[in-house]
Amino acid sequence: MTGAGPDRADFPQMANAIRALAMDAVEKAKSGHPGMPMGMADVATTLFAEHLKFDAGNPDWPDRDRFVLSAGHGSMLLYSLAYLLGYEGMTLEEIKNFRQLGSKTAGHPEYGHAPAVETTTGPLGQGLANAVGMALAEAHLNARFGDDVVDHRTYAIAGDGCLMEGISQEAIALAGHLKLRKLTVLWDDNNISIDGPISLSDSTDQLARFAASGWATTRVDGHDPAAISAAIEKAKASERPTLIACRTTIGYGAPTKAGTAGVHGAPLGEGEIEGARQALDWPYAPFEIPEELLAKWRAAGARGAETRAAWEARVAKDAHCEAFKTAMAGDYAGALNKAIAKYNASLVETPQKLATRKASELVLDVVNEVVVDTVGGSADLTGSNNTKTKNIDVLSAENYAGRYVYYGIREHGMAAAMNGMALHGGVVPYGGTFLVFTDYCRPAIRLSALMGVRVVYVMTHDSIGLGEDGPTHQPVEHLAALRAIPNLNVYRPCDGVETAECWEMALKTIATPSVVALTRQGLEQARLKPSDENLSAKGAYVIAGKDANDVTLIASGSEVSLALKAREALAKDGIKARVVSAPCFELFSMQPESYQKEILGKAPRIGIEAAIRQGWDVFLRRKDGFVGMTGFGASAPINDLYEHFGITPAAVAAKAKRLIS
Ligand SMILES: Cc1ncc(C[n+]2csc(CCOP(=O)(O)OP(=O)(O)O)c2C)c(N)n1
Ligand SMILES: [Mg+2]
């Protein structure tokens, strides 16, 4: 196993080093959260010095245990650990620059900024659900590649806040159901949140709640390393995920503020820090860590080096070595290119009228064959989202090697778990629900984008085109709301060919998540000519009337065929309309100005989308027109709805005539 670490007798002073750095850094920054790191210092010390499998010299070692600080406000806990353990780049200077522009030590842990930060946390509860995704990815890869290649655990520190957030219920229920035994949650059970004692707002029996979802549970004194260690040891042997309730004192060591909300999120102040130094028997200057103690921490950081080296040697000889490396690299561009081009050529040869959700399923048949590392799923809408292809099995507690997760009616948990899976690496997660319920996923989608991870959100029933289910199910503002998220590509393909192109792009953009918005209703195939190029890759392109210059009709998804019909109607009156298909606004915005100008031309423009106009300024100027929605939809058959809301070829043609007259 891992090499010998420091002696348990050293733990109290090692933990005090975390406390001191947290106090000092928050004081210097004049902002931050000292209470949580001071309270959880003993738990973190015990975990990192005795249990966690990691090598500070190789933070990206694929078989490391994952550690998630779900209570992200306690970021100084993670930064202190990273410095003390000797992660490269996490210097004392960085600690002193806590919360300053350009430092690695941002207010909350930001993925990609600093080593040891496995995920961005801060929005409470997200980290917990990320950890479930990481444990799920581990279980899957372990089943595929065996213990010799993949065999690690996932630990998360969660606070009262994480456990109160609704997402925690989705996450723990999913983890319990899937029996993710290598997942351990260390709950900072300190009875305090910002407004005061937890009794102000909650009286849940958390252990009973977790147990009801199939978890093993235990309670320890979070300031007793022996007890903490024994509980972690027990968790390692458990057949179920484990919750360890760690009873702690927030701001442990602060003479007057410990145990109160006052220590949660503000500097302690000079006098209180002085008192804490005395109470903790910590006679050192601010940011000073005695050399001998630092050496003990550094020894803890190097504990896993031998295990890591042995793993590398073993994996190099393993039969799964190549497949594992391919999975971890996650670059499928070449293989996808060929497969999608071939598939699209077949569609052009035999055009099909398809709902794009069905087209997505057909493309996924191809994708899942070529990209064997996808793990799909849906939040209880498998038959509607068309996310399960015939060639993949169900991933369950009995078959972790499966590639399809029945996430249950847990959109938020699904989205956050997919973030965890993508962060873990080795799998490419995609998952579906109705587009209108992106609202239920939004906090996690935002984090996919902020972190820059490849998650594909398959969002069907993308407009009033879904018909009778009515306005609760008909997205109108969702495309705009999603397009407002930076670093998120929102695709709305118009037919089978574009659907395949959009899927190809979604899988190729490794540092950007994607939403693929798909129709319930059937659409005529709009792309009928062969093309060597992925035309959707530039976000928008001319689909008809390249040389027309009276009016330019720009549409996405289901409205492209409508624009093509309007073009025909206008032609009868001698008006030449160009039609631009715009499957991805974000990719179009990234094109050079010359391309954008060439596509849009100089004529008056009309945007057409069965959604609100907001966000269309990518294409439309003040004087241009828009045909779409201005309010909620209604419950009725699809044709009646399009007629009722005036989204018809005739309405577009009439608007075009007004614009150019
Ligand atoms: C989703 C979300 N809502 C609100 C906040 C603001 N917030 C940060 S910490 C916190 C209290 C958390 O309490 P707890 O987890 O018990 O942390 P402790 O005070 O024990 O450190 C709140 C409300 C947040 N970060 N995320
Ligand atoms: Mg608390």
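The figures here come from the full heavy-atom set of this structure, side chains too, leaving out hydrogens, waters and symmetry mates. Indexing begins at 1, ligand by ligand and atom by atom, following the structure's order.
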Looking at ligand 1, does P123 have a heavy atom less than 4.0 Å from it? yes
Just to check, does G122 reach to within less than 4.0 Å of ligand 1 when the distance is taken from its heavy atoms? yes
Do any N/O/S atoms of [X] come under 2.8 Å of the Mg ion (ligand 2)?
X	value
N190	yes
D160	yes
G161	no

Please check whether H73 reaches ligand 1 - meaning an N/O of the residue sits under 3.5 Å from an N/O of the ligand, judged on distance alone. yes
Considering both backbone and side-chain atoms of D160, is one of its nitrogen or oxygen atoms within less than 3.5 Å of a nitrogen or oxygen in ligand 1? yes
Enumerated ligand 1 atoms positioned under 4.0 Å from heavy atoms of [X]:
X	answer
G159	15 (O)
I250	18 (P), 19 (O), 20 (O), 21 (O)
G161	13 (O), 14 (P), 15 (O), 16 (O)

Considering only non-hydrogen protein atoms, determine which one is nearest to [atom] and report residue, atom name and distance to 0.1 Å.
atom	result
atom 20 (O) of ligand 1	N190 ND2, 2.6 Å
atom 1 (C) of ligand 1	E165 OE2, 3.2 Å
atom 13 (O) of ligand 1	S193 CB, 3.3 Å
atom 19 (O) of ligand 1	H264 ND1, 2.6 Å

For atom 6 (C) of ligand 1, is there a protein heavy atom at a distance under 4.0 Å? no
Does [X] have its ring centroid less than 6.0 Å away from the ring centroid of [Y]?
X	Y	answer
H33	H264	yes
F434	H461	yes
F54	F48	yes
H152	H424	yes

Would you compute the distance between atom CD of E110 and atom OG1 of T120 and round it to the nearest 0.5 angstrom? 5.0 Å
Which of these, I157, I194, T248, has its nearest heavy atom closest to atom 11 (C) of ligand 1? I194
Measure from atom 4 (C) of ligand 1 to every heavy atom in T121, I192, L124, D195 and give the option owning the shortest one. L124
Which heavy-atom pair separates P429 from V427 by the least distance, and what is that distance? CD-O, 3.5 Å
Working note: N385 + S378, criterion side chain to side chain donor-acceptor pair (under 3.5 Å); need CA distance, chi angles, decisive distance, verdict. CA-CA 7 Å; N385 303 143; S378 165; 2.8 Å; yes
Pairs of donor and acceptor atoms involving the side chains of residues 226-234, under 3.5 Å and at least two apart or interchain, shall be tabulated with distances.
| unit_1 | atom_1 | unit_2 | atom_2 | d |
| --- | --- | --- | --- | --- |
| S229 | OG | R8 | NH2 | 3.2 |
| S229 | OG | E50 | OE1 | 2.4 |
| S229 | OG | H51 | NE2 | 2.8 |

May I have the step-by-step check of side chain to side chain donor-acceptor pair (under 3.5 Å) for R153 and T184, ending in yes or no? CA-CA 8 Å; R153 307 185 57 80; T184 303; 3.3 Å; yes
Looking only at side-chain N and O atoms, does E94 offer a donor or acceptor that is under 3.5 Å from a partner on N97? no
Mind checking what makes side-chain contact (heavy atoms from CB on, under 4.5 Å) contact with E118, not counting sequence neighbours? R64, R66, M134
